[in-house]
Amino acid sequence: MDETPDERKRSGRSKSIGPCVISCIFVFLTHLVLSLVPRFFSASSFLTQLALSALLLLFFLGFGGWCRRTLLKRRSSAPAFVFFNILFIWGFYISVISQAVSLLNDAVFSCEVVFLLIGLYSIITSDPGFVTNGFASSDQVAEGSVSEVHIHEKELEVLASGLSDDSTEGSGLVTRVRYCRICKAYIKGLDHHCPAFGNCIGQKNHPLFLVLLFGLIITEASYLVCTSLFVAKSGLLRRPSLEPTLSENLTVSTIMFTILQLVWQVLFVIWHIYCVCFNIRTDEWINWKKHPEFQLLVQPQPGKNFTSIKFRNPYDKGIRQNVKEFLALRA
């Protein structure tokens with residue numbers, strides 16, 4: 001008997017409770033594990049503790065993933081992991097750090113966190129640019145079969161012809177409908193599938209994605225400013241105690257955790273700014289050999305019998321025009 005839409009919704013919600021609980025527990029364990037670094041290496045320099053925290057974080061994430069897959073045989077929720085991390089940092093800030101921060105800084109940071117949570121919900125529930133057609137659902141096609149590739153290619157041809165009337169002239173978007181194997185859907189202007197947000201990043205939500213990345217960076221920078229004020233007033237680094245309290249350990253560990261997050265997020269933002277400026281998507285850059293429009297055949301030189309293939313970007317029209325099209329095609 002087929003399930004009604006309401007039954008499917010309730011079933012989906014019940015199935016997501018377990019992964020969210022696992023993610024919540026994993027967030028608390030992650031921060032407790034990171035607090036061991038300042039607990040046992042308080043005499044080491046900050047850079048040494050930062051490097052140890054990075055190694056410990058990578059090990060714990062890998063070990064935790066192995067435990068979930070092998071021992072618990074349960075999956076976690078990456079968006080829930082991001083959500084509970086934000087709540088943990090905010091809760092620790094309110095209970096410990098805010099005592100040494102002015103009301104203005106306190107209000108600014110709290111507003112940033114609220115807008116961050118709103119942005120997280122918006123990106124998770126946003127439409128990246130789903131494209132529907134009259135073909136059978138991709139779920140009906142055997143995963144990994146040879147026929148699947150040909151079906152997707154044929155569908156893309158029909159989708160491109162159907163989108164040609166609605167797309168901006170010269171934007172090249174009619175040929176930039178890509179298939180996401182995770183979402184099992186066609187996305188206009190697909191950049192990548194973001195596990196952290198549990199959604200594809202495409203034409204419609206790419207600007208929101210960039211705004212959220214900038215929001216994360218600004219909020220984390222604000223947290224570092226607030227914790228530095230707390231450390232300066234409490235003299236935490238000037239008087240390392242033999243038996244530091246849990247709150248002192250968490251203060252140092254959350255600072256290092258935030259710095260590590262900032263490092264990869266800044267690099268990630270720089271990459272996406274580059275993509276916008278040169279009108280290229282992450283999926284296209286990684287899989288350019290799968291897309292004929294990015295392939296330039298180079299004729300064999302004298303004495304060589306093979307033709308080489310080089311990368312070319314047919315959509316690059318100059319930084320100003322690329323940025324203009326990116327902003328204009330978000331709807």
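Positions are given from 1, in the same order as the sequence printed here. Any value given below was found using the heavy atoms of this structure, including those in side chains, with hydrogens, waters and symmetry copies removed.
Asn279 places none of its side-chain heavy atoms less than 4.5 Å from the side chain of Ile319. At a threshold of 4.5 Å between non-hydrogen side-chain atoms, the residues Phe83 and Leu120 count as touching. Side-chain contact between Lys233 and Gln99 is absent, with no heavy atoms from C-beta onward closer than 4.5 Å. Side-chain contact between Phe257 and Leu262 is absent, with no heavy-atom pair separated by less than 4.5 Å. Considering only heavy atoms from C-beta on, Asn313 stays 4.5 Å or farther from Trp288 through its side chain. Two residues are said to be in side-chain contact when any heavy atoms from C-beta on lie closer than 4.5 Å; Phe197 and Pro79 fail this criterion. With a 4.5 Å cut-off on side-chain heavy atoms, Val276 and Leu210 count as touching.
Tyr274 and Phe278 have tilted rings, their planes meeting at an angle from 30° to 60° on a 0 to 90° scale. Taking the six-membered ring for Trp and thresholds of 30 and 60 degrees, Phe109 and Tyr93 have ring planes inclined between 30 and 60 degrees apart. The aromatic rings of His206 and Phe209 sit tilted, their planes meeting at an angle between 30° and 60°.
Ile218 is not connected to Leu208 by any chain of hydrophobic side-chain contacts under 4.5 Å among Ile, Leu, Val, Met, Phe, Trp and Tyr, and they are in different clusters. Leu58 and Leu32 fall into different hydrophobic clusters, defined by Ile, Leu, Val, Met, Phe, Trp and Tyr side-chain heavy atoms under 4.5 Å apart, directly or through other members. Ile280 and Leu296 sit in two unconnected hydrophobic clusters of ILVMFWY residues. Membership requires side-chain heavy atoms under 4.5 Å apart, directly or through other members. One hydrophobic cluster holds both Ile94 and Ile89 under the rule that ILVMFWY side chains link at heavy-atom gaps under 4.5 Å. Both Ile86 and Ile217 are part of a single hydrophobic cluster, where members link through side-chain heavy atoms under 4.5 Å apart.
The backbone N or O of Gly129 lies less than 3.5 Å from no partner atom in the side chain of Lys188, so there is not a single donor-acceptor pair. In this structure a side-chain-to-backbone donor-acceptor pair under 3.5 Å is present from Arg312 to Glu293. Judged by distance alone, the side chain of Ser23 and the main-chain N or O of Ser77 form a donor-acceptor pair under 3.5 Å. Of the possible polar contacts, one joining the Glu248 side chain to the Thr245 backbone as a donor-acceptor pair under 3.5 Å is found. Distance alone, capped at 3.5 Å, is enough to place a donor-acceptor pair between the Gln295 side chain and the Lys289 backbone. Of the possible donor and acceptor atoms, none in the side chain of Asn105 sits under 3.5 Å from a partner among the backbone N and O of Val101. No donor-acceptor pair under 3.5 Å is formed between the side chain of Ser42 and the backbone N or O of Arg39. Ser110 places no side-chain N or O within 3.5 Å of a backbone atom of Ala107 that could act as its donor or acceptor partner. In this structure, Gln49 contributes its side chain and Ser44 its backbone to a donor-acceptor pair below 3.5 Å. Judged by distance alone, with hydrogens and angles left aside, the side-chain atoms of Thr219 form no donor-acceptor pair with the main-chain N or O of Leu216 at under 3.5 Å.
A salt bridge does not link Lys290 with Glu284: none of the charged nitrogens is closer than 4.0 Å to a carboxylate oxygen. Between Asp191 and Arg281 no salt bridge is recorded (no basic side-chain N to carboxylate O distance below 4.0 Å).
No side-chain donor-acceptor contact under 3.5 Å links Arg181 and His193. A donor and an acceptor atom, one from each side chain of Ser126 and Asn205, are located under 3.5 Å apart.
Ring to ring, Phe230 and Tyr223 are not that close: their centroids are 6.0 angstrom or more apart. Here the two rings, on Trp271 and Trp264, have centers that are 6.0 Å apart or farther. Remark: aromatic rings of Tyr186 and Phe130 are distant, center separation not under 6.0 Å.
For the atom pair CG (Leu57) and OG (Ser253), the distance works out to 11.0 Å, reported to the nearest 0.5 Å. Interatomic distance, CG of Leu52 versus CG of Leu36, reported as 11.5 Å (0.5 Å rounding). With rounding to the nearest 0.5 angstrom, the OG1 atom of Thr282 is 9.0 Å from the CG atom of Leu190. The CG atom of Asp127 sits 4.5 Å away from atom NZ of Lys204, with the distance rounded to the nearest 0.5 Å. Between atom CG of residue Leu56 and atom CE of residue Met256 there is a gap of 9.5 Å, rounded to the nearest 0.5 Å. With values rounded to the nearest 0.5 angstrom, Ile187 atom CD1 is found 6.0 Å from Cys180 atom SG.
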### Task
Using the side-chain contact (heavy atoms from CB on, under 4.5 Å) rule, take Leu87 and Leu117 through it: C-alpha gap first, then chi angles, then the decisive distance, then the call.
CA-CA 9 Å; Leu87 287 188; Leu117 294 175; 4.2 Å; yes
### Task
May I have the step-by-step check of side-chain contact (heavy atoms from CB on, under 4.5 Å) for Phe60 and Phe26, ending in yes or no?
CA-CA 10 Å; Phe60 185 74; Phe26 199 61; 3.5 Å; yes
### Query
Where do Phe46 and Ile255 land on the side-chain contact (heavy atoms from CB on, under 4.5 Å) test, with the steps shown first?
CA-CA 10 Å; Phe46 185 79; Ile255 289 175; 3.9 Å; yes
### Task
Could you go through the side-chain contact (heavy atoms from CB on, under 4.5 Å) check for Val96 and Ser247 one step at a time?
CA-CA 7 Å; Val96 178; Ser247 62; 4.3 Å; yes
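Of all heavy-atom pairs spanning Gln203 and Pro207, the tightest one is O-CD, 3.9 Å. Considering all non-hydrogen atoms of both residues, Ile124 and Asn199 come closest at O-ND2, 3.5 Å. Taking all atoms of both residues into account, the shortest heavy-atom contact from Asp283 to Arg178 is OD2-CG, 3.9 Å. Closest of all the heavy-atom pairs between Leu250 and Ser35 is CD2-CB, 3.9 Å. Ile201 and Cys194 make their closest contact through CG1-CB, 4.0 Å (heavy atoms, listed as atom of the first residue, atom of the second, distance). Taking each heavy atom of Asp106 and Ser98 in turn, the nearest pair found is OD1-CB, 4.1 Å.
Pairs passing the side chain to side chain donor-acceptor pair (under 3.5 Å) check and including a residue from residues 112-123, sequence neighbours excluded, read Glu112-Ser222.
Crowding of Leu267 atom CG: a count of heavy atoms from other residues, nucleotides or ligands under 6.0 Å exceeding 12. In the displayed structure, Phe268 atom CZ is contacted under 6.0 Å by more than 12 heavy atoms of other residues, nucleotides or ligands.
Judged as a ring pair (Phe, Tyr, Trp, His ring centres under 6.0 Å), and not counting sequence neighbours, the contacts of Phe294 are Phe311, Tyr315.
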